[in-house]
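Lettering of chains follows the sequences in order, A, B, ..., and the numbering in each one begins at 1.
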Amino acid sequence: MIQEGQIYTGRVRGIKPFGAFISIRSEEKSKDGLCHISQISTRRLESPSEILKTGQEVFVKVIKVQNDGKISLSMKNIDQSKGVEILETETMESRGQKRRQDADLWELTQMNNAFGAKRIALMGNGGEDPYAEVDEAPEQDSEEEEVEIEVSKSVPSFLKGKNLKLDVDESALTVTKNPEGSMTRVAQYGSKFMSEAKTRKLEKKKEEERNKRLEEKIRMNGDPLNQITRPTENEIKKSAYEEWQRQSKNQSYGIRSNMSIKEQRESLPVYQKRDELLRLVQQNDFLIVVGETGSGKTTQITQYLAEEGYSSKGVIACTQPRRVAATSVAKRVAQEVGCKVGEEVGYTIRFEDCTSNKTIIKYMTDGMLQREALVDPDLMKYSVIMLDEAHERTIATDVLFALLREAVIRRKGGLKLIVTSATLDSQKFSRYFENCPVFHIEGRTFPVKIFYTKEPELDYIQSSIETVIDVHTNNPPGDILVFLTGKEEIDTCCETLVEKMSLLRAEKPHVSELIVLPIYSSLPSEMQSRIFEPTPSGKRKVVLATNIAETSVTIDGIYYVIDPGYVKVNAYDPKLGMDSLIVQPISRAQADQRSGRAGRTGPGICYRLYTKNAYLNEMPANTVPEIQRQNLSYTILMLKAMGIDDVLGFNFMDRPKEQLILTALEELYILDALDENGVLTEFGKRMAFFPMEPLLSKTLIQSIEFKCSDEVITVIAMLSVPDIFYRPKEKRDEADRIKAKFHDYNGDHLTLLNVYNKWSDADNPRLWCQNNFIHEKSMRRAREVRRQLLKIFDNLDKRERQAESSVISCRGNWDLIRKAFVSGFFKNSAKRAATHDPDEGSYRTLVENTPVHIHPSSSLFRKHGVDYVIYHTLVLTNKEYMHCITKIDPKWLLMYAPRFFKTADSSQLSTKKKTEKLQPLFNRNDPKENWRLSKGRR
DNA sequence: CACTCCTTA
């Protein structure tokens, strides 16, 4: 018999990313003639493959032999040369030694089926491989048992003494400059017009349902909306085509083709300052460039640097916050240089590396350079890096600020950094970069006349609509751009404008036609591109846009901008782990950016639907940088992976609140990416290989142990793209019905898997998407993410010297997929509220007990018998909604997140429940207690 | 009964 507490010789049977499988020799067979291989896991900083080799003999201590024959092992404090226990006395241990031991602890994990249990037959002297492996069938879930679960977070030593509890005030978003101002109040209460439109819509729907005859009548007479838009749509298309043909013949190439590329380049404002700019670059390692729009900085500065010879010392890089910007600028510059994209001039974005060894000018996304800094912190292949559009302050740019600042200093003149900024914060930028000079290049835009309202507007939707109609009826030709906060507002405004215009034109036939077009990111791209069609003469176009039209999309021919002064901003609440989409007043910088959109093709006018006083006194100067209002766990993991341990002291230009960093650290600790001392674990290192949120990378790695990585890769690819379900206004119900065909009983993660599988099986994927109301673009993107993930898995296998691929299919055992997600997303778990709860259908999160709701788009919406769930994200919009939800068995929380959950206090349980209760409370920190986790699972 | 925007080997 194998004895507890004894040291045995074992043999390493296989090395896993986490640890190893170890088999133990024993004199006697176990009851069923089988001996178990146990899994041993490690938290060392080295990879297990660096410590152990397959076939190697090791000394292990048996901690526990269970009734079913399962064995718990440990290698902690076993002298591997002698096979004896190292006994230490407490007094000898200095604090430092203790710490090192903690970090080196070989942690033991009781093997169970979910973690890839294998049995080996013990054959005696039969001559066959005594270690031949026998796969054990995955255990089916036993019938439901009631378990009460509560959170039992332990605070790691590196976070002890830190204030992890937040004050209520602090957890809420406070970014407004003037919380008492009229704009803030309006933002809080919302538009009366909107809420009225909403109730009107609801009533309308009710009426329609009640009276089918009326519906038929409407159909016979024609829907008022369609009556107006349909004939005009054809007209637009026809005349737009004619217009386009006329323009492409004479005009659109007109100005450009008259000028040679050389002449065009020399006509840019930046050309006048070429020599001065190059002198400053030569004299300084850091340089701030304030380049207004139309100055030519993005396309020219890189070329000047290359002409000046900087390319001989390394690649000249220029970062952009968006993928399209990186590719389109690279194409333009390649044209100017006279090469193909990918030769001397290239670009690198995710999934697309269009560079070669000839490339000397490289445009890339800021996120891409951030990933590159992870591999090479000194960025040795670059001689100059230009952080373009830095005033947008994306998280990647902010991180690069600090990383590049250090890299430039370390490389002592070998690397130059150019940062572009807006006028407003150029001094701040200069101070941060060692008081470097600021270089101004004037832009080339047309003047924009700005009008303010005399009184504060109480309903910005209503006044936007009124202003549009006013401009249309009274002002000379020129298209209108209106900035609204979201899809719902835009749709309602579109409808109202079309209605109002038809009434107006019936009354006053001389009023010209107004073409109303919406644009927001979730609109399919063929609908989006309609805004670029030129306006037929004699008509006017009004584009209702979200802030997508501030930077990402530029529409030619806009002469009027209507700016109500609000945006929807995402503010992450670290305490609740919840994104909040809140309507807020914009910043002054943003207001200026918006008005600038009127002056691109000629002098323009901007109507600001707020007072000048509000602009000056209620609006903050700058938008709060993203790094101060997002979940930072991915960013912090990257920093840790770069060897930056003191993230609290990291030199951010605008430091995020300590709470935001602390909760990110805590999240990483909970996921086992950080150890007790806040040091990156081997597991965390592996997580950093994946370009995604830590919750996702943890799930991905765990899925190997759950033997369902193939499927989990697909689901995570689907989670990493924008919403795949398309819901056009007219065919909403049909779309919903078709979507329901994909629903899985257990929730949205598996629904996504269904969709992906059906899509990849389809003969004609394009047609399939059309028929099933699915965004084809997102699906193709998901396939790209999937491919990338497969590659990363492959690389990890090579790194771990794994012969077999760790991409494993669960072959239909989809419970394993849900279990894998529990092991990553246990933090995002919620429990159905008690049935007597007044708010029926609501849930409460296990971590903070926040009331939350199932989003109506979920396949679990209004489903019964769903008591425990995990969710992908929590977003506060109209309500606190969980998005992408999957039903789970609460026992899984105990099994796969044992450091985080425990069963509820036994005194609260009924006697019946007590007998069924899975586990007594145990000491999570004692490896000897780990065996309890899977006891009772038979 | 429902969605600001963007990115990441």
Side-chain angles (χ1 to χ4, degrees), chain A residues 198 201-202 205 319-326 348-353 364-375 389 392-400 483-491 519-523 545-553 566-571 579-584 586 590 623 626 629-630 634-635 637-638 641 688-694 696-697 720-723 725-727 729 732-733 735-736 781 784-785 787-796 799 841 853-858 861-862 873 875-879 881-884:
Chain A
K198 214 172 170 180
K201 256 188 215 165
L202 268 176
K205 202 176 178 187
T319 68
Q320 294 291 322
R322 279 168 296 279
R323 293 159 54 90
V324 273
T348 306
I349 57 176
R350 189 182 187 186
F351 311 125
E352 250 180 281
D353 184 5
M364 63 207 302
T365 47
D366 49 10
M368 203 71 210
L369 189 62
Q370 192 191 352
R371 290 285 332 179
E372 283 188 14
L374 176 64
V375 184
E389 313 292 345
E392 287 191 31
R393 304 294 303 275
T394 62
I395 293 183
T397 304
D398 265 28
V399 170
L400 285 170
F483 285 100
L484 298 172
T485 66
K487 181 180 186 295
E488 202 183 358
E489 274 182 14
I490 290 172
D491 286 345
I519 181 160
Y520 39 83
S521 78
S522 58
L523 208 63
T546 58
N547 39 0
I548 193 171
E550 268 172 29
T551 48
S552 311
V553 163
Y566 296 93
V567 241
K568 211 173 259 184
V569 285
N570 182 357
D579 292 314
S580 310
L581 292 178
I582 304 170
V583 174
Q584 293 238 318
I586 55 173
Q590 218 170 347
T623 310
E626 221 184 347
R629 49 185 173 84
Q630 290 281 306
Y634 172 71
T635 307
L637 179 65
M638 296 264 291
F689 275 93
F690 294 93
M692 48 185 51
E693 292 299 312
L696 290 170
S697 46
S720 310
V721 298
D723 195 2
F725 295 106
Y726 171 49
R727 243 177 134 240
K729 221 175 14 196
R732 202 165 285 178
D733 295 341
D736 287 349
R781 182 69 173 260
E784 282 188 291
V785 177
R787 278 194 197 134
Q788 188 186 32
L789 290 176
L790 290 173
K791 244 182 194 172
I792 297 173
F793 265 68
D794 199 41
N795 289 345
L796 273 179
R799 185 171 169 269
H853 305 266
I854 291 191
H855 193 271
S857 66
S858 171
F861 187 63
R862 287 183 176 158
T873 50
V875 184
L876 171 71
T877 48
N878 292 332
K879 280 180 181 174
Y881 281 118
M882 301 181 279
H883 287 252
C884 201

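- Atom pair A/K729:NZ and B/dC1:C1' shows a separation of 18 Å (rounding to whole Å applied).
- Within 4.0 Å (heavy atoms only), A/R323 reaches sugar-phosphate atoms of the nucleic acid but no base atom.
- Listed pair A/T365 / B/dT7 fails the phosphate criterion, with no side-chain N or O lying under 4.0 Å from OP1 or OP2.
- Residue A/Y881 is in sugar-phosphate contact alone, with no base atom involved, counting any heavy-atom pair closer than 4.0 Å across all strands shown.
- Closest contact between the side chain of A/K791 and the listed nucleotides B/dC1, B/dT4, B/dA9 involves B/dA9.
- Interface remark: the A/Y634 side chain does form a donor-acceptor pair with the B/dT8 base, using a distance-only criterion of under 3.5 Å.
- Using a distance-only test at 3.5 Å, with no hydrogens or angles considered, a donor-acceptor pair links the side chain of A/E626 to the main chain of A/I395.
- Between A/N878 and B/dC1 there is no side-chain N or O to OP1 or OP2 distance below 4.0 Å.
- A/I349 comes within contact range of the sugar-phosphate backbone alone, with a heavy-atom separation under 4.0 Å but no base atom that close.
- The side chain of A/Q788 contributes an N or O atom lying less than 4.0 Å from OP1 or OP2 of B/dA9.
- Side-chain atoms of A/R727 do not come within 3.5 Å of backbone N or O of A/A735 as any donor-acceptor pair.
- A/S552 comes within 4.0 angstrom of sugar-phosphate atoms only, judged by non-hydrogen atoms across all strands, and of no base.
- One cannot find a donor-acceptor pair under 3.5 Å joining the base of B/dA9 and the side-chain atoms of A/R350.
- Within the 3.5 Å criterion, the main-chain N or O of A/D398 finds no donor-acceptor partner in the side chain of A/R393.
- If A/R781 and A/E488 are placed on DNA chain B by their nearest nucleotide, the residue sitting closer to the 5' end is A/E488.
- At a cut-off of 3.5 angstrom, the base of B/dT7 holds no donor-acceptor pair with the side chain of A/D366.
- Residue A/D736 is in base contact, counting any heavy-atom pair closer than 4.0 Å across all strands shown.
- A/T877 comes within 4.0 angstrom of the backbone, heavy atoms only, and of no base.
- Aromatic ring centres of A/F793 and A/F689: separated by at least 6.0 Å.
- Under a 4.0 Å N-O distance rule, the pair A/K568/A/E488 does not qualify as a salt bridge.
- Residue whose closest nucleotide on DNA chain B sits further toward the 5' end, between A/H883 and A/R371: A/H883.
- Regarding contacts with the backbone of B/dC6, every side-chain N or O of A/T394 stays at 4.0 angstrom or more from both OP1 and OP2.
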